Amino acid sequence: MNNLDVLMGTINKKYGSTIITKGTNMIYVDRIPFSSPHLNYLLYGGLPVGKAVEFFGGEGSGKTTTALDAVKNAQHKATNEYNDTINDLTEQIAKLKESNSKQASKDITKLEKRLVEVQEQGIRSVLYVDAEQTLDEDWATKLGVDLNSLYLVRPQTETAEQILQIILDCVATGDICMAVLDSVPMLIPQQLMEETLEKKAYGGIALPLARFSGEAPALLTKNKCTLIMINQMRDDLANPYNKYKTPGGRAVKHLYAVRLFFRKGKFFDKDTAELANNKADEPCGNFVNVEVVKTKICKPDRRTGMYTLNYETGIDIAADVLELALNYNIINQRGSWFDIIDISTGEYIKDKDGNDARVQGRIPLLELLRTNKDIYNKINVQINKIIVGQTEEE
C-alpha cells in the first residue's frame, strides 16, 4: 500500500464516506420518460433522475405543459417503484421464513425493519413551485397529474432565497422524486423585495442562484430527485450577435445536465393536418418544437424534435408514434397506403386475425393506433429500442 492509498483511507474515514475512490464505476442514469416518444428519442429515454434540467423558450411554447407531463410520469414511476420494493421485500421475507437457520432469522429481522421504513415513507411525491401563480388545475388534471398527491408552493411575500431554500430542504428529506420551479424570473431576491421600482440593482437573481447551484447537484444526486427549472427569454441588448438570453446569470447554466429550448410550432386541425397561420382561427392544437441546447447524459447527436399537443386531450402519443415509425421505416408509406413492418424481419406485422397490417389513409392509420392495442404495442416495442439506441444485434 503506497502513501496515496493510506491518505485516501484517512480522508474517507475523516469525512465518513467514500469521497475518494480508486478507479470508477459506470453510473447508470435512470430516466423519467416523457409521454412523447419524440422527446424521449432526443434524450435517449427521458429526463435524468438526480439531475437538474432547464426548460426555456418564448411565451406559449409548451414549457409548463411539458413539465406537467413530466410530473405525471414521475408520479407513476414513484408509485411503481414503491409497489415493486414492497413486493420484493415481502417475497424475500417469505422465502427466508421457509428456512430455520439463525442467519435466516437475522436476515428476516433486517428485511422487516426495511419494509416498515419503506411503508412509513410511502410513495415519493412531487414538489411544484408556482411562482407565476398561473397553474391551471383543470389542464394539469387533463394531462394526468394527480393533484391530491402534489405538494404545491405558491409564494406570497417570500424572497428568492427563501424559495430556493425550501426546494433544497424538501429535496434533502428524500421524500420527493421531482421538484419544478415555474419560473426563475418570477423570484425576487432579498435585496429587491423591500425596495421601490425606481431603485436600480445589479446581479439580481443571479447571486442566490449561483449559491443554489453549488448546493443542489450533490443533494439531487444523493436523493434521486429531478429538478425542472422553467425559464423565460430576454433580448440580449448587449450582444447583437446573440438573439436571446435567459435570466438567472451564467453560473446556473452549469447546474443543468440538460437544457431544452421550446418553440411554438404550427397549428393543426382535428386530423393533425397543419393549418396555415391565417386559417388558424379555431385550431385543435399545435406542434411543439424542441431543441437540445445542452446534454451531459447522452450523446448530443439528436438535436431537434417536436411533439403533437392537442388542446382537448393533451399530448397526442399516437401521432408521435406514427411520425417516428415513418422516420424509421416501421411504417412504410406507398401512396395512400401504409404498411406496418417488423424491422427485424422485414415482414408485415400481423393483426389479431393473422392478416397483414395495412391501412389506407393517414386518418384511419391514426385511428388504428389509438384503438388497436396489439398493433400499437408491437410498433412501440420497436420504437423504444430506437429511443435508447439499441440495435438488433444487442
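Worth saying up front: this structure is predicted, and the values here are computed from it rather than measured.
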Partner of Y307 by side chain to side chain donor-acceptor pair (under 3.5 Å), out of D320, D316, T66
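The single option meeting the side chain to side chain donor-acceptor pair (under 3.5 Å) with Y307 is T66.
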Any carboxylate oxygen within less than 4.0 angstrom of a Lys/Arg side-chain nitrogen, looking at [X] and [Y]?
{"X": "K77", "Y": "E81", "result": "yes"}
{"X": "D138", "Y": "K142", "result": "no"}
{"X": "D175", "Y": "R124", "result": "no"}
{"X": "K106", "Y": "E112", "result": "no"}

Between K350 and D356, does a salt bridge (Lys or Arg N to Asp or Glu O under 4.0 Å) hold up when you go through it step by step?
CA-CA 5 Å; K350 304 292 184 180; D356 292 343; 2.4 Å; yes
Using distance alone, with no hydrogens and no angle criterion, decide if [X] and [Y] have a side-chain donor and acceptor under 3.5 Å apart.
{"X": "Y311", "Y": "N286", "answer": "yes"}
{"X": "K253", "Y": "S213", "answer": "no"}
{"X": "Q165", "Y": "D169", "answer": "yes"}

Can you name the residues that form a side chain to side chain contact (heavy atoms under 4.5 Å, CB included) with R114, not counting sequence neighbours?
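Testing R114 for side chain to side chain contact (heavy atoms under 4.5 Å, CB included), a comparison that skips the adjacent residues, returns L89, E117, V118.
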Side chain to side chain contact (heavy atoms under 4.5 Å, CB included) between E215 and L168, worked out
CA-CA 8 Å; E215 296 185 34; L168 291 176; 3.5 Å; yes
Strictly under 6.0 Å, is that where the ring centroids of F56 and F262 end up?
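No, the ring of F56 stays outside the 6.0 Å limit from the ring of F262, centre to centre.
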As a test of understanding, state which of I32, I228, V145 forms a side chain to side chain contact (heavy atoms under 4.5 Å, CB included) with V71.
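When I32, I228, V145 are each tested with V71, the side chain to side chain contact (heavy atoms under 4.5 Å, CB included) holds only for V145.
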Taking the six-membered ring of Y41 (Phe, Tyr or Trp), confirm whether the NZ or CZ of R302 is under 6.0 Å from its centre and within 45° of its axis.
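Yes, a cation-pi geometry.
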Under the side chain to side chain donor-acceptor pair (under 3.5 Å) test, residues paired with E120 that sit two or more places apart
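Checked E120 against side chain to side chain donor-acceptor pair (under 3.5 Å); zero matches.
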